[in-house]
2 protein chains.
Amino acid sequence: MKLSTKGRYAVTAMMDLAIHDNEGPVTLSDISSCQGISLSYLEQLFSMLRKAGLVQGVRGPGGGYRLGKTPNQISVADIITAVDESIDSTNCKGQLDCNKGERCLTHHLWNELSEQLLAFLSSITLAEFIKDPEIKKISVRLDGTAHRISTMFPVTSKMIMA
Amino acid sequence: MKLSTKGRYAVTAMMDLAIHDNEGPVTLSDISSCQGISLSYLEQLFSMLRKAGLVQGVRGPGGGYRLGKTPNQISVADIITAVDESIDSTNCKGQLDCNKGERCLTHHLWNELSEQLLAFLSSITLAEFIKDPEIKKISVRLDGTAHRISTMFPVTSKMIMA
DNA sequence: AAATAACCTAGTAATATACTAGGCTATCAA
DNA sequence: TTGATAGCCTAGTATATTACTAGGTTATTT
């Protein structure tokens, strides 16, 4: 279990798809300008997401990406593990005797923690975010044209905090 | 909130200290050989942990590091934030108008997720790991000489899994 | 006095992250 | 049928982070 900006890009992009899941595909170009990262890099991330079955590509004009499963079937853990390849959690993997024919206790403890973290992130699905009250407000306000512009919304005091 | 191998090194090292909290200081040299990372790198990590008040250095022979607070006052989140400086969660921080004078909804959603994750890792303290039944077994078996060698323990089938 | 181990700095190798540049293919609309 | 769109793919590269090496100083114990 690893968590970097790369993983965050993937998660936020998937949130975007989830919000517009019933409105048609979202283009990487839109996500690129929203998240402020290069289109080509996004393409690489989505290549991994697609191979993991988390998204579906739709080619041609009006195309883009949509979710590969229902929002409640896609967890944050799924997304992160798809793009952030897991770290070698023991650093002495392969060699069972990392020190004098024995094995570190702390490695075992880390595994326990790592599993707890994975379970936690697995329990959070994209469906939770669609239910967010802030989003409902936006959806109502923008309904018709939501597909193109609802990934953005006006700044509020709540949003400024990091 | 960021989680890399660097953070894992810090967490496992702190677990080590927590286990031996009542037995005297643990040397970085011991941790180095256990975790398989360089002594000097550990020194740099512990410099950050010390500045965060999470550990106390004890100089001279018989010295090493011990916890700076009680195990139940030190959370996994504390450790990770001390060594893995937090990422710029929005990528458009500073400029409030990341796109056409508006702000991305997904950034807001990420902040919510990030806070949930932080709350989760804040709820897990080093005290949990001391209570681990596996550790109790070791402590009983090694009691007197535990300080030096109890960071290691024999391989069991349970341990081989990653 | 000698050994230990924290504590500190500068420089560097290795790796991961993020981007650039180019191209190809499927699909839609004019 | 043609052009625009947008997915899809590869190779190369700039940047940042991670992890290490190699020196050193200082406090403490034996």
Side-chain angles (χ1 to χ4, degrees), chain A residues 2-13 16-17 20 24-33 35-52 54-68 80 82-88 91-92 147-148, chain B residues 2-13 16-17 20 24-33 35-52 54-68 80 82-88 91-92 147-148:
Chain A
K2 187 177 161 186
L3 185 56
S4 63
T5 55
K6 194 176 172 185
R8 197 197 73 219
Y9 289 150
V11 170
T12 50
D16 207 324
L17 261 62
H20 306 109
V26 177
T27 68
L28 293 190
S29 179
D30 279 0
I31 296 175
S32 171
S33 63
Q35 305 224 10
I37 57 176
S38 82
L39 176 60
S40 191
Y41 189 45
L42 267 178
E43 284 175 341
Q44 288 168 42
L45 295 182
F46 271 74
S47 172
M48 291 187 272
L49 293 172
R50 194 170 55 84
K51 277 161 191 163
L54 300 178
V55 297
Q56 264 181 312
V58 181
R59 291 181 155 199
Y65 281 96
R66 49 177 49 178
L67 296 181
I80 290 172
V83 297
D84 275 329
E85 60 279 2
S86 66
I87 54 183
D88 176 3
N91 206 14
C92 54
H147 169 217
R148 279 278 163 253
Chain B
K2 188 177 161 187
L3 185 56
S4 63
T5 55
K6 194 175 171 183
R8 198 196 73 220
Y9 288 152
V11 170
T12 51
D16 208 323
L17 260 60
H20 305 110
V26 177
T27 68
L28 294 190
S29 178
D30 279 1
I31 296 174
S32 171
S33 63
Q35 304 222 13
I37 58 176
S38 82
L39 177 59
S40 191
Y41 189 46
L42 268 178
E43 284 175 341
Q44 288 168 43
L45 296 183
F46 270 74
S47 172
M48 291 187 272
L49 293 173
R50 194 169 55 85
K51 278 160 189 162
L54 300 178
V55 297
Q56 265 182 312
V58 181
R59 291 180 153 201
Y65 281 95
R66 50 177 50 179
L67 297 181
I80 290 172
V83 297
D84 276 327
E85 60 279 3
S86 67
I87 53 185
D88 177 3
N91 208 16
C92 56
H147 169 218
R148 281 277 164 253

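Naming: A, B, ... by sequence-line order, numbering from 1 per chain.
Smallest separation of non-hydrogen atoms from B:Leu42 and B:Ser32: CD1-N, 3.4 Å.
Within residues 39-51 of chain B, the residues that have a heavy atom under 4.0 Å from DNA chain D are, in order of number, B:Ser40, B:Tyr41, B:Gln44.
Considering only heavy atoms from C-beta on, B:Ile80 comes within 4.5 Å of B:Leu3 through its side chain. A heavy-atom distance below 4.5 Å is not found between the side chains of B:Tyr65 and B:Val26. Counting only heavy atoms from C-beta outward, the side chains of B:Thr5 and B:Arg8 approach each other to under 4.5 Å. At least one side-chain heavy atom of A:Tyr41 sits less than 4.5 Å from a side-chain heavy atom of A:Lys6. Looking at heavy atoms from C-beta onward, B:Arg66 lies out of side-chain contact with B:Leu17 at the 4.5 angstrom threshold.
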* To do: Run the numbers on A:Leu67 and A:Gln56 for side-chain contact (heavy atoms from CB on, under 4.5 Å), then give the verdict.
  => CA-CA 6 Å; A:Leu67 296 181; A:Gln56 264 181 312; over 6 Å; no
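Going from atom NZ of B:Lys6 over to atom P of D:dC20 covers 12 Å, rounded to whole Å. Nucleotide C:dT17 holds its P atom 13 Å from the CD1 atom of A:Ile80, rounded to whole Å. The nearest whole Å value for the distance from the CG atom in A:Asp84 to the P atom in D:dT18 is 12 Å. When rounded to the nearest whole Å, the span between CZ of B:Arg66 and P of C:dA6 equals 13 Å. Distance, A:Leu3 CG to C:dA16 P: 16 Å, rounded to whole Å.
B:Thr27 has no side-chain polar atom (N or O) that falls below the 4.0 Å cut-off from OP1 or OP2 of C:dT4. OP1 or OP2 of D:dT18 lies within a sub-4.0 Å distance of a side-chain N or O belonging to B:Lys2. Close to D:dT18, at under 4.0 Å from its OP1 or OP2, lies a side-chain N or O of B:Ser4.
When the nucleotides C:dA18, D:dG7, C:dA6 are ranked by their closest atom to the side chain of A:Tyr9, C:dA18 comes out on top.
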* Using a 4.0 Å cut-off on protein heavy atoms (strictly under), produce a 5'-to-3' string for nucleotides 25-30 of chain D with B for base contact, S for backbone-only sugar-phosphate contact, and - for none. => -BBBB-
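Applying the side-chain contact (heavy atoms from CB on, under 4.5 Å) rule to A:Glu43 yields the partners A:Leu28, A:Leu39, A:Ser40; only residues at least two apart in sequence or on another chain are considered.
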For residues 44-51 of chain B, run the donor-acceptor check on the side chains, cut-off 3.5 Å, and write out each pair with its distance to 0.1 Å, sequence neighbours left out.
from: B:Ser47; atom 1: OG; to: B:Lys51; atom 2: NZ; distance (Å): 3.2

